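Comments concern the structure below.
This one's a predicted model, so the numbers in the text were calculated from it and none came from an experiment.
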Amino acid sequence: MAGGFISNETIDAILNTTDIVATIGEYTKLERRGANDWWGCCPFHGEKTASFHVDADKKFYHCFGCHKGGNVVNFIMEMEKLSYPDTLEALAKKAGIPIKYQDGYKPDPNRQKNNEAEQYIELYERTASMFHYFLMETPQGQKALEYVTKRGLTKETLEKFRLGYAPADRKWLHKFLLGKNFSKEFLAKSGLFSQKYPDFSFFSDRLMFPIFNRRGQVVAFGGRVIPPADESQRKYLNSGDLPQFKKRETLFGFSFAKNSIREKKSIIFCEGNMDVIAYHQCGLDYAVATLGTALTEEHIKMISGFVAGGTVYLSFDSDGAGENATWKAIKLCREHDLTVKIIRLKGGKDPAEIMLKFGAENLTAQVKNAILDSDYLIFRLGEKYPVDTPEGKTKAALEYFQYVDSLQSDIQKESCLEQLCQAFNLKPEAVKRDFNNRSQARERANIRQNNNQTEEGTQVKLDAELRGLIAVTADLNQFEVLRTKLTEQDFTNPAARKLYKVLEECFVEKIFTIRDILGRCDDEKLVQLITGSISSGVYQSEKVSVIVQDTVNLIKRNKLDAQRNKLLQRIREYTVVTQEDQNQLNALLAEKLELDKQVQSLGKK
């Protein structure tokens, strides 16, 4: 851009008019400590105590931790990764300052932006507007509109989040955007279209969730199938990483939630987009969600300045995948000295269902009744291990020690160890000895990590699940078949789950070669197993389709067996006193019969 020609007069006006405290306050919470001095946690690096200083009078900032500093232009350049002229133009537009140029320079009003990210944002903004129009105003979007209306979403909520509908005609979007003067070459790199068929839209016949950056601009999409849908379709699709969008650095709903997060010093992390929207509609407008990834260091860095001294609420599913996500998030938050509470929803499978059944007050009350992470973990470990036996107590204690390790206060650590002793009837002296010698204690107990993650040094287990995924890696054409039938959460082997995640990321990001997959996989033993198995010639292309189907059947059967066993346990323990009890027992028996039929349909082991 011709930013170098922007006049000094305009630059001075930008610096004089822009409120540096308000601008930086959109990225981290600042507190006044004097007439013109403001302090907060640095948004450039993770820290627990405020070392980031803003001088409102002199209009500069400086971090005494990482030593970054400058004026408001430097700050926006660093945070948003913009060039100097692009930053000036963005600040001038926000402040309503007309831009004047030096030496009579006049920019071409039709010139192409040279900032690739800004070009994509313009494309995604236009596309989001069209999707929203299809949802709200056209017969094609009626099915999607009826679905979200039945789920309790109001027109105001649909407008706020700009929900949309992607037409079933997969060629429509390409034709429309070509008519708006976007080139075929540009659209091919945009992430909106199939790599194999460039005029086919990546999203079709789906409810669309625009994903916004912190400035409220659309940078990506999530798409959900609309019930009743073909089971072969993947329920959710998300944009891959793009110049303007990195999922590890983005949170769904953050642009709407940041002011409330700052004011309340609280944030709710959810599992999905609909969860966030339901919380916001109920007035709990400090909810956000990750986008197909676990909670990351980048996410914590993004919010830590807002919630320092406050509370992080976790609202994940109660299934195995949700429990594992909760466990990882607890440790990550505690390592950054953030207080954590767990929301255990009752009365519905997700916030939207609870909102619809019982109203906003019920959901608000459940958030208020969230429990501390230490109480949650004690309860979870009591369910997970037979804590009435010495072996069960040992395993529960050793897993709990990982949580205690993440705490930043010695007082907190001592208090939590006391809580462990009381919960499982353990002697404090023995617990403290094992905690102080926890590495040796783990070795003696010979336990594995229980967070569904293949740690460095952990043996990779080559079972049927992992064999199936290695076979798919040998013949990548089969992954498109597999991903329509299984998700990452369906795998119980940590190594298989990790490989599936890598395959999915590479597939979505259209870098789908064995080289890219091996490069993305950060477990050396898993990489060695993949390369060794494929090199051995075990997985011939004509056999892979059979292996994939066998893997799908096995995993589905195991999942159904687990559900059936839990149901059988409930039936055995059920006591019939009233007619209502008998009715509920009959419902459980009918559910068991349905599971039996599904198991039989998959064939015998």
Side-chain angles (χ1 to χ4, degrees), residues 22-31 39-52 54 61 63 65-66 68 74-82 117 121 209-220 222 238-239 241-273 275-276 279-280 284-316 325 328-340:
T23 301
I24 294 178
E26 295 180 11
Y27 298 83
T28 188
K29 183 175 178 61
L30 298 174
E31 295 182 350
W39 292 80
C41 292
C42 179
F44 299 118
H45 78 284
E47 61 179 4
K48 302 164 191 172
T49 57
S51 65
F52 184 84
V54 180
Y61 67 92
C63 176
C66 67
K68 291 184 182 294
N74 302 126
F75 182 85
I76 295 298
M77 286 176 64
E78 180 75 20
M79 288 301 300
E80 299 292 347
K81 303 297 185 273
L82 296 176
I121 288 173
F209 299 86
I211 297 167
F212 301 86
N213 62 16
R214 66 167 71 232
R215 291 184 287 167
Q217 299 168 311
V218 180
V219 293
N238 290 299
S239 297
D241 281 358
L242 297 159
Q244 77 282 6
F245 169 65
K246 298 291 182 288
K247 55 180 174 279
R248 289 181 59 86
E249 302 172 0
T250 309
L251 292 168
F252 180 80
F254 185 74
S255 61
F256 303 108
K258 62 184 179 183
N259 291 335
S260 185
I261 295 169
R262 183 189 300 109
E263 292 167 7
K264 295 180 174 64
K265 284 192 172 182
S266 297
I267 187 169
I268 301 173
F269 281 112
C270 306
E271 193 118 354
N273 302 350
D275 297 344
V276 172
Y279 273 122
H280 278 248
L284 301 161
D285 57 353
Y286 47 97
V288 300
T290 58
L291 295 159
T293 70
L295 200 61
T296 67
E297 289 278 352
E298 290 88 347
H299 294 142
I300 295 299
K301 176 181 171 182
M302 193 174 167
I303 61 96
S304 59
F306 293 92
V307 297
T311 304
V312 171
Y313 293 88
L314 302 179
S315 178
F316 298 144
K328 292 176 183 178
I330 287 171
K331 291 196 293 182
L332 184 59
C333 290
R334 283 298 188 177
E335 286 167 0
H336 288 80
D337 208 17
L338 297 172
T339 300
V340 183

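Between the side chain of Gln244 and the main chain of Ile121, no donor-acceptor pair closer than 3.5 Å is present. Remark: side-chain polar atoms of Thr296 are paired, donor with acceptor, to backbone N or O of Arg248 under 3.5 angstrom. Panel note: side chain Lys301, backbone Phe44; a donor-acceptor pair is recorded below 3.5 Å. Using a distance-only test at 3.5 Å, with no hydrogens or angles considered, a donor-acceptor pair links the side chain of Lys246 to the main chain of Leu242. No donor-acceptor pair closer than 3.5 Å links the side chain of Thr28 to the backbone N or O of Cys42. Between the side chain of Asp241 and the main chain of Lys247, a donor-acceptor pair closer than 3.5 Å is present.
With rounding to the nearest 0.5 angstrom, the CD1 atom of Ile267 is 10.5 Å from the OH atom of Tyr286. To the nearest 0.5 Å, atom CG of residue Asp275 and atom CZ of residue Phe252 are 10.5 Å apart. The line from OH of Tyr61 to CG of Leu30 is 12.5 Å long, rounded to the nearest 0.5 Å. In this structure, SG on Cys41 lies 11.0 Å from NZ on Lys29, to the nearest 0.5 angstrom.
Using bins of under 30°, 30° to 60° and over 60° for the plane-to-plane angle, the ring pair Phe254/Phe306 lands in the perpendicular bin.
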>> Determine whether Leu332 and His299 satisfy the following criterion, side-chain contact (heavy atoms from CB on, under 4.5 Å), listing intermediate values before the conclusion.
In response: CA-CA 10 Å; Leu332 184 59; His299 294 142; over 6 Å; no
> Does the side-chain contact (heavy atoms from CB on, under 4.5 Å) test come out yes or no for Leu251 and Thr290, once each step is laid out?
Replying inline: CA-CA 5 Å; Leu251 292 168; Thr290 58; 3.9 Å; yes
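Lys258 has a carboxylate O that lies under 4.0 Å from a charged side-chain N of Glu26, or vice versa, which qualifies the two as a salt bridge.
For the side-chain contact (heavy atoms from CB on, under 4.5 Å) with Cys333, the qualifying choice from Val307, Val312, Ile303, Thr339 is Val312, the only one to do so.
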